[in-house]
Amino acid sequence: MQSENHHIITPAPGTTNSSNNDERLKSFKNYTMVVYGLYALGLFLGGVPTVIGLIVAYLKRNEYSGTIYAEHMRFLIRTFWYGVLWSVVALILAMVYIGFIVMFAVGIWYIYRIVRGFLCLNDGKGIW
């Protein structure tokens, strides 16, 4: 069972708790967009930005607990690890010449998940 981090936000003088919460959620959305961007950038730069995005996703997922952004972080983390798993399978299958087809399918699946996730995030929706 995961422990949840609950943060108490005290409003600054002259502000309301609602505006603080709105700023906090806007920050969550921005970080999540950056992680999606890093994953997409990793397609063109050999995966290093994707690993940086994975680290950010792991660091932020508990902080985002109870929001749609936690859902997006879990989605991104799973995308990375399933992508690695199927890429390894594709490399093994390359010895019998079908690995290239599997690798192509993994690439399409990866792009689909990044685009779908980003569009859901942009619309203010959870991933599921």
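FYI, the numbering just counts along the sequence from 1.
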Test log, rule ring pair (Phe, Tyr, Trp, His ring centres under 6.0 Å), inputs Trp128 and Phe75: CA-CA 9 Å; Trp128 308 115; Phe75 179 77; 5.7 Å; yes
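For the pair Tyr64/Tyr31, a side-chain contact is recorded, criterion being any heavy-atom separation below 4.5 Å from C-beta on. Counting heavy atoms from C-beta outward, Arg61 and Tyr58 have side chains that approach closer than 4.5 Å. Looking at heavy atoms from C-beta onward, Phe28 lies in side-chain contact with Arg24 at the 4.5 angstrom threshold. Between Phe118 and Tyr39, the closest side-chain pair of non-hydrogen atoms is not below 4.5 Å.
The line from CD1 of Ile101 to CG of Leu93 is 10.0 Å long, rounded to the nearest 0.5 Å. From Ile98, atom CD1 reaches atom CD1 of Ile92 across 11.5 Å, with rounding to the nearest 0.5 Å. With values rounded to the nearest 0.5 angstrom, Leu54 atom CG is found 10.5 Å from Leu38 atom CG. For the atom pair Thr50 OG1 and Leu43 CG, the distance stands at 6.5 Å (nearest 0.5 Å). The line from CG of Asn122 to CE of Met33 is 4.5 Å long, rounded to the nearest 0.5 Å. The CE atom of Met73 lies 9.5 Å from the CG atom of Leu59; values are rounded to the nearest 0.5 Å.
The hydrophobic cluster containing Leu119 does not contain Val34, counting ILVMFWY residues as joined when their side-chain heavy atoms lie under 4.5 angstrom apart, directly or transitively. Each of Ile55 and Ile52 belongs to its own hydrophobic cluster when Ile, Leu, Val, Met, Phe, Trp and Tyr are linked at side-chain heavy-atom distances under 4.5 angstrom. Using a 4.5 Å cut-off between side-chain heavy atoms of Ile, Leu, Val, Met, Phe, Trp and Tyr, with links allowed through other members, Trp86 and Ile108 fall into different hydrophobic clusters. Under the 4.5 Å side-chain heavy-atom criterion for ILVMFWY residues, no single connected hydrophobic cluster contains both Phe104 and Leu91. Leu121 and Val115 end up in the same hydrophobic cluster when Ile, Leu, Val, Met, Phe, Trp and Tyr side chains are linked at under 4.5 Å.
Checking side-chain atoms of His72 against main-chain N and O of Ala57 turns up no donor-acceptor pair under 3.5 Å.
Counted within 6.0 Å of CH2 on Trp109, heavy atoms from surrounding residues, nucleotides or ligands total more than 12; the atom is thus considered enclosed. Atom CZ of Arg116 sits in a crowded spot, with more than 12 heavy atoms from other residues, nucleotides or ligands closer than 6.0 Å.
Salt-bridge annotation for Glu63 and Lys60: present, with a side-chain N of the basic residue lying under 4.0 Å from a carboxylate O of the acidic one.
Val106 approaches Gly83 most closely through the heavy-atom pair CG1-O, 4.1 Å. Scanning both residues, Ile127 and Gly117, for their nearest heavy atoms gives CD1-CA, 3.3 Å. Residue Gly126 comes nearest to Cys120 through the heavy atom pair O-CB, 3.8 Å, listed as atom of the first residue, atom of the second, then distance. What you find for Ala90 and Val102 is that their closest heavy atoms are CB-CG1, 3.7 Å.
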